[in-house]
Amino acid sequence: METRSIRLRVRRQDTPQGPPYWEEFEIPYRPQHNVLSVLMEIRRHPVTRDGKATSPVVWDAACLEEVCGSCTMLVNGRVRQGCTALVDKLDQPIVLEPMSKFPVVRDLIVDRSRMFESLKRIRGWVPIDGTYNLGPGPRVSPTTQEFGYAISRCMTCGCCLEVCPQFNDHSKFMGAAAMAQAVLFNLHPTGAMNKAERLEAVMGEGGIADCGNAQNCVEVCPKEIPLVDSISTVARDTTKHLLFGWLLK
């Protein structure tokens with residue numbers, strides 16, 4: 001009787017400047033495995049499929065339940081989280097690669113600093129003085145709450161940027177995630193006090209004008225965030241700001 005197994009083909013890279021190379025692994029089959037649990041099994045016994053001892057595959061993970069976004073990688077050519085990529089639903093050999101739009105740190109870990117720098121540019125926070133009791137927060141309508149909650153689920157995983165043709169080494173486009181966060185903080189009554197600053201940021205280099213409206217982002221977002229609607233909101237608000245913002249100065 002043939003013994004079932006799980007085969008992995010992993011694109012590896014030892015250093016940020018090192019050359020990439022491929023290694024294959026094989027472990028006995030067990031039901032309910034996901035990609036990360038398979039990588040954990042390989043970490044216990046880091047031996048390639050042809051019996052050669054090697055170093056454990058390096059990857060990033062935290063929550064293991066598709067909340068943190070840190071285990072994002074390419075699984076069989078599709079960008080997704082490794083923790084929710086169930087082996088029983090994947091073709092074998094399962095091919096794992098790091099995301100291609102970010103610098104590789106090692107193996108499947110990439111440096112997503114560019115995403116966080118974009119959040120700094122759009123002032124992705126509500127500046128308040130927390131040194132004293134501010135009392136109850138401002139009231140927000142249920143409709144605004146519903147839209148804001150959908151955007152707030154972003155985990156900065158990078159899926160939207162991986163599939164965006166405008167986000168690359170030759171462009172400074174900040175991407176859909178940052179645009180959506182600008183909308184989120186502008187929705188908040190307190191955050192709206194800095195709305196003009198956020199709109200100025202997304203009107204600058206790498207901002208809304210660089211979006212090509214490919215709409216790939218919304219197709220791959222694991223949290224089903226209304227990214228296209230958010231970008232449309234940014235486009236509308238920046239147009240109003242461009243035409244009438246000078247009246248407020």
Quick check: are there more than 12 heavy atoms from other residues, nucleotides or ligands sitting under 6.0 Å from OH of Tyr149? no
Knowing that exactly one of Cys159, Ser100, Cys157 qualifies, which makes a side chain to side chain contact (heavy atoms under 4.5 Å, CB included) with Val79? Cys159
Flag side-chain contact, heavy atom, 4.5 Å: Cys83 against Glu65: no
Examine Arg114 relative to Phe167 and say whether NZ or CZ is less than 6.0 Å from the centre of the six-membered ring and inside a 45° cone about the ring axis. yes
Nearest non-hydrogen partners of Asp88 and Tyr29, listed with the distance: OD1-OH, 2.8 Å
Is there a side-chain contact between Val110 and Pro98 in this structure, where contact means two heavy atoms from C-beta onward sitting under 4.5 Å apart? yes
If you measure from the Lys or Arg side-chain nitrogens to the Asp or Glu carboxylate oxygens, is any gap between Glu41 and Arg44 under 4.0 Å? yes
Cluster overlap Trp59 with Val105, hydrophobic side-chain contacts below 4.5 Å: no
Quick one: does NZ or CZ of Arg9 land under 6.0 Å from the six-membered ring centre of Trp22, within 45 degrees of the ring axis? yes
One should read off an interatomic distance between Ile94 CD1 and Leu8 CG, to the nearest 0.5 angstrom, of 5.0 Å
Using atom types as modelled and distance alone, determine if a side-chain donor or acceptor of Ser171 lies under 3.5 Å from a backbone N or O of Gln166. yes
Atom pair CZ (Arg123) and CZ (Arg198), whose distance is rounded to the nearest 0.5 Å: 7.0 Å
Can you tell if the side chain of Leu36 reaches within under 4.5 Å of the side chain of Leu39, non-hydrogen atoms only? yes
Quick one, Arg30 and Ser37 - any side-chain contact, counting heavy atoms below 4.5 Å? no
Please report the shortest heavy-atom distance between Pro46 and Pro56, naming the atom on each side. CB-N, 3.8 Å
Count I, L, V, M, F, W, Y as connected when their side-chain heavy atoms are under 4.5 Å apart, and connections chain through other members. Are Leu90 and Leu108 then in the same cluster? yes
Gln13 side chain to Pro16 main-chain N or O, any donor-acceptor pair under 3.5 Å? yes
More than 12 heavy atoms of other residues, nucleotides or ligands under 6.0 Å from CD of Gln145: yes or no? yes
To the nearest 0.5 Å, what is the distance between CG (Asn194) and CG (Asn186)? 8.5 Å
Roughly how far apart are Leu74 CG and Arg80 CZ, rounded to 0.5 Å? 11.5 Å
Kindly say whether Ala235 contributes a backbone atom to a donor-acceptor pair with the side chain of Lys240 at under 3.5 angstrom? no
Working to the nearest 0.5 angstrom, can you tell me the gap between His188 NE2 and Thr144 OG1? 11.0 Å
Would Gln181 and Leu119 satisfy side-chain contact (heavy atoms from CB on, under 4.5 Å), going step by step from the backbone distance to the final call? CA-CA 8 Å; Gln181 293 307 296; Leu119 290 176; 3.7 Å; yes
Please test Arg112 against Met99 for side-chain contact (heavy atoms from CB on, under 4.5 Å), starting from the C-alpha separation and ending with a verdict. CA-CA 10 Å; Arg112 292 176 293 163; Met99 286 192 287; 4.0 Å; yes
So which heavy atom on Asp210 is nearest to which on Phe173, and how close? CB-CD1, 3.6 Å
Exercise: identify the closest heavy-atom pair between Ala150 and Ile225: O-CG1, 3.4 Å
Is Arg78 close to Asn76 at the side-chain level, that is, under 4.5 Å between some pair of heavy atoms? no
dist Cys160:SG -> Met115:CE (nearest 0.5 Å) comes out at 5.0 Å
Residue pair Met179 / Thr233, side-chain heavy-atom distance below 4.5 Å: no
Salt bridge (charged side-chain N to carboxylate O under 4.0 Å, His left out), paired with Glu24, selected from Lys52, Arg12, Arg11, Arg7: Arg7
Report yes or no: does Glu23 contribute a side-chain atom to a donor-acceptor pair with the main-chain N or O of Val10 at less than 3.5 Å? no
Salt bridge (charged side-chain N to carboxylate O under 4.0 Å, His left out) pairs, two or more places apart, involving residues 174-188: none
Provide the closest heavy-atom pair for Ser230 versus Phe147 in the form atom of the first, atom of the second, distance. OG-CZ, 4.1 Å
What heavy-atom pair brings Val47 and Thr54 nearest, and what distance separates the two atoms? N-CG2, 4.4 Å
Does Ser232 reach the main-chain N or O of Val228 with its side chain, forming a donor-acceptor pair under 3.5 Å? yes
Are side-chain heavy atoms of Val220 and Glu162 found at a separation under 4.5 Å? no
Under a single-linkage definition using a 4.5 Å side-chain heavy-atom cutoff for Ile, Leu, Val, Met, Phe, Trp and Tyr, are Val57 and Val75 assigned to the same hydrophobic cluster? yes
Report whether Leu184 and Val67 are members of the same hydrophobic cluster (ILVMFWY, side-chain heavy atoms less than 4.5 Å apart, transitive linking). no
Do Leu86 and Ile42 land in one hydrophobic cluster if side-chain heavy atoms of ILVMFWY residues count as linked below 4.5 Å? no
Distance-only, no hydrogens or angles: does the Asn216 side chain make a donor-acceptor pair with backbone N or O of Cys164 under 3.5 Å? no
Do the side chain of Arg153 and the main chain of Lys223 share a donor and acceptor less than 3.5 angstrom apart? yes
When you look at Thr15 and Arg106, which way does the side-chain contact (heavy atoms from CB on, under 4.5 Å) test go after all the steps? CA-CA 5 Å; Thr15 65; Arg106 184 176 176 186; over 6 Å; no
Please check this pair: side chain of Asn34 against backbone of Thr84, looking for a donor-acceptor N/O pair closer than 3.5 Å. no
Derivation of the side-chain contact (heavy atoms from CB on, under 4.5 Å) call for Glu97 and Met73: CA-CA 6 Å; Glu97 301 172 79; Met73 62 184 73; over 6 Å; no
Any donor-acceptor pair under 3.5 Å linking the side chain of Glu66 with the backbone of Gln81? no
May I ask you to decide whether Arg49 forms a salt bridge with Glu26, counting only side-chain N to carboxylate O separations under 4.0 Å? yes
